[in-house]
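Every chain is numbered from 1 and lettered A, B, ... according to where its sequence line falls, protein lines coming before strand lines. Because the structure is a prediction, the values reported are computed rather than measured.
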Protein chains: 2
Amino acid sequence: MHGPRAQRPDTGVDSGGQTRERLLDVAERLFASRGFAATSVRRITRDAACNLAAVNYHFGSKLGLYEEVFRRRLEAVRDQRLAAIRRAATIQPGPGALEEVLYIFASSFIEPLVGESHGRMLTELMGREMLDPHLPPEMFRGEIAGPVQEALTQALCRTTPGLSVDAARLCVQSITGQLVQTAQRVRRQSATPMAGPPLTIVVDHIVRFSAAGVRASVGGAPAGSPHGRPQRS
Amino acid sequence: MHGPRAQRPDTGVDSGGQTRERLLDVAERLFASRGFAATSVRRITRDAACNLAAVNYHFGSKLGLYEEVFRRRLEAVRDQRLAAIRRAATIQPGPGALEEVLYIFASSFIEPLVGESHGRMLTELMGREMLDPHLPPEMFRGEIAGPVQEALTQALCRTTPGLSVDAARLCVQSITGQLVQTAQRVRRQSATPMAGPPLTIVVDHIVRFSAAGVRASVGGAPAGSPHGRPQRS
DNA sequence: TGACGACTCATACGATCGTTTGAGATGATG
DNA sequence: CATCATCTCAAACGATCGTATGAGTCGTCA
């Protein structure tokens, strides 16, 4: 029992915590680009120029480091994304308001993927955690995905008269599904360059596609099939 | 150099190939439920009640086994899915034809997930390979995903007058994005039961949402923003 | 019968993994 | 100075991984 055992040691030493921060930075980059399982503690500590045991000392385990990587960014990301949605939600209902909400959301989701490496890493990290979870469920879904999806749900309801909450939730799933797939495509595309439409085209398409889809979801969707499931079959 | 080295030995021995088939069956199940990296050769050979070295003897390597698991099912799956789309493509254009195409496609994508375990494994396998590729790119995308997406693109063009091929391709991405996300949700839901709307509701929503999205994609989508990107920003 | 190919077997190899250990360095505190 | 907590270090531990090796079993055929 040497270390603080995944407890912040709240040290006062000047150089204390430098290794800790370096580990978090390096781990964030590696986890984002390779995933949790494919990133070894040895590689992290080598890139961070510190000892192998530092991970276990500061974070208790590899998983503890992974959780702390997320925890460090949780509030910032959630607040930023919620702010974007709230910014969109203040728009008074009217023609084009739905498109504006969708465009803001899609951009805030996709944009970090193209430019600098900071937000990009974070988005890739989130995407990986969505597909292959290692965090306790209440941490990721409860702290990030949940509030964001709920906020988008409300924004959709506000800008689309007649849209029920249940239908809006389904629409949110449809929208995030498209965005996650696009993010995956971008990630793989950066690894091995392949053909594909530029991102601005894709975002524009998703906005237009989804706006129509949302508007078509008003009405008695959940239970029956008002406009009719196809006649045959 | 003992074995056939990933070459079908086309043996005539009565019991020859029994181990091979058992390995393929067990590996298919394990790869589907746990993924490639998380499935060890030792677990496969243990479940198949054969020796550890059998994998390397029959398939050359773990990756060779993985490829053969796919190769064994490639034609059947592709033909089945293409048949479903062609069945949908024969529908003469008209009101509701687009919904019918989408419903057939979505059902053929989602339905194997719920019922028996055979098609379910395959769908999970495909989903995993989409997200975390291990196969040579020309094998998966070229043999399955490519033809299917191309067929759906043409079916959309046929049932939606004025839809350009480029726009249709974007729509296909939107549709598959929703379906893949739904498949992921089903997979995780089967592991840890959580709340969520029943699948029939989700499929109905995807059909309605996507039909509206497709119809909204006719017109000069690719380059400009005919109906306007949101005014501000 | 004896040689041969096909196949399975137990076992070992080398590598990598996450984690643990105990000693040493450092700086604040009494 | 002595003490103590904080932090870093080299080194090792035990486990698991994919793969390789060589002997052994069995059916076929000259």
Side-chain angles (χ1 to χ4, degrees), chain A residues 1-28 30-31 33-69 132 134-135, chain B residues 1-28 30-31 33-69 132 134-135:
Chain A
M1 291 82 171
H2 279 122
R5 282 287 180 159
Q7 281 285 39
R8 175 71 71 84
D10 73 296
T11 173
V13 183
D14 52 352
S15 96
Q18 268 194 1
T19 299
R20 202 186 124 98
E21 295 305 313
R22 253 182 300 131
L23 279 174
L24 285 172
D25 291 337
V26 169
E28 184 175 36
L30 290 177
F31 283 146
S33 67
R34 300 157 183 267
F36 178 77
T39 301
S40 69
V41 177
R42 282 172 171 80
R43 173 64 187 266
I44 295 172
T45 54
R46 184 164 61 83
D47 284 20
C50 72
N51 189 264
L52 176 63
V55 165
N56 286 341
Y57 174 76
H58 285 287
F59 307 99
S61 69
K62 179 187 179 186
L63 187 60
L65 169 58
Y66 185 74
E67 292 184 15
E68 191 59 30
V69 164
D132 185 27
H134 296 277
L135 262 42
Chain B
M1 292 83 173
H2 278 121
R5 281 279 178 165
Q7 282 287 35
R8 174 72 72 84
D10 72 298
T11 174
V13 183
D14 51 350
S15 95
Q18 268 194 1
T19 300
R20 202 186 124 97
E21 294 306 313
R22 252 183 301 129
L23 278 175
L24 285 172
D25 291 339
V26 169
E28 184 175 35
L30 290 177
F31 283 146
S33 67
R34 301 158 182 266
F36 177 78
T39 301
S40 69
V41 177
R42 281 172 172 81
R43 173 65 186 268
I44 295 173
T45 54
R46 185 165 60 83
D47 284 20
C50 73
N51 189 264
L52 176 62
V55 165
N56 284 33
Y57 175 77
H58 285 288
F59 307 100
S61 69
K62 179 187 179 185
L63 187 59
L65 169 59
Y66 185 74
E67 291 185 15
E68 191 60 30
V69 165
D132 186 25
H134 296 277
L135 263 42

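Between B:E68 and B:H58 the shortest side-chain heavy-atom distance does not fall below 4.5 Å. Within the 4.5 Å cutoff, no side-chain heavy atoms of B:N51 are placed close to those of B:T45. No side-chain heavy atom of B:T19 sits under 4.5 Å from any side-chain heavy atom of B:Y57.
Of the candidate nucleotides D:dA20, D:dA10, D:dG18, D:dA20 has the atom nearest to the side chain of B:N56. Nearest to the side-chain atoms of A:C50 among the listed nucleotides D:dC9, D:dT6, C:dC9 stands D:dC9. Of the listed nucleotides (C:dC9, C:dC7, D:dT8), D:dT8 has the atom at the smallest distance from the side chain of A:T19. In this structure, the nucleotide among D:dG18, D:dT21, D:dA10 sitting nearest to the side chain of A:N51 is D:dA10.
Regarding B:L23, its CG atom lies at a distance of 12 Å from the C1' atom of C:dC7, rounded to whole Å. B:R42 has its CZ atom 11 Å from the C1' atom of C:dT11, to the nearest Å. Taking atom CG of A:L30 as the reference point, atom C1' of C:dC17 lies 16 Å away to the nearest angstrom. For the pair B:R46 CZ and C:dA10 P, the computed distance is 14 Å after rounding to whole Å. Computed from coordinates, the A:L65 CG to C:dG18 P distance equals 11 Å when rounded to whole Å. Here D:dC7 presents its P atom at 13 Å from CZ of A:R22, a figure rounded to the nearest Å. Put simply, CD1 on B:I44 is 16 Å from P on D:dT16, counting in whole angstrom units. Note: OH (A:Y57) to C1' (C:dG24) measures 14 Å, nearest angstrom.
A:T39 comes within contact range of the sugar-phosphate backbone alone, with a heavy-atom separation under 4.0 Å but no base atom that close.
Between A:I44 and the options A:L24, A:L52, A:T39, a side-chain contact (heavy atoms from CB on, under 4.5 Å) holds for only A:T39.
Here A:H58 does not reach the OP1 or OP2 of D:dT6: none of its side-chain N or O atoms lies under 4.0 Å away. Proximity of B:S40 to the phosphate of D:dT16: no side-chain N or O atom is located under 4.0 Å from OP1 or OP2.
Using cut-offs of 30° and 60° on the angle between ring planes, the pair B:F36 and B:H134 is tilted.
In this structure, A:F36 and B:L52 both approach DNA chain C, and ranking their closest nucleotides by distance from the 5' end singles out B:L52.
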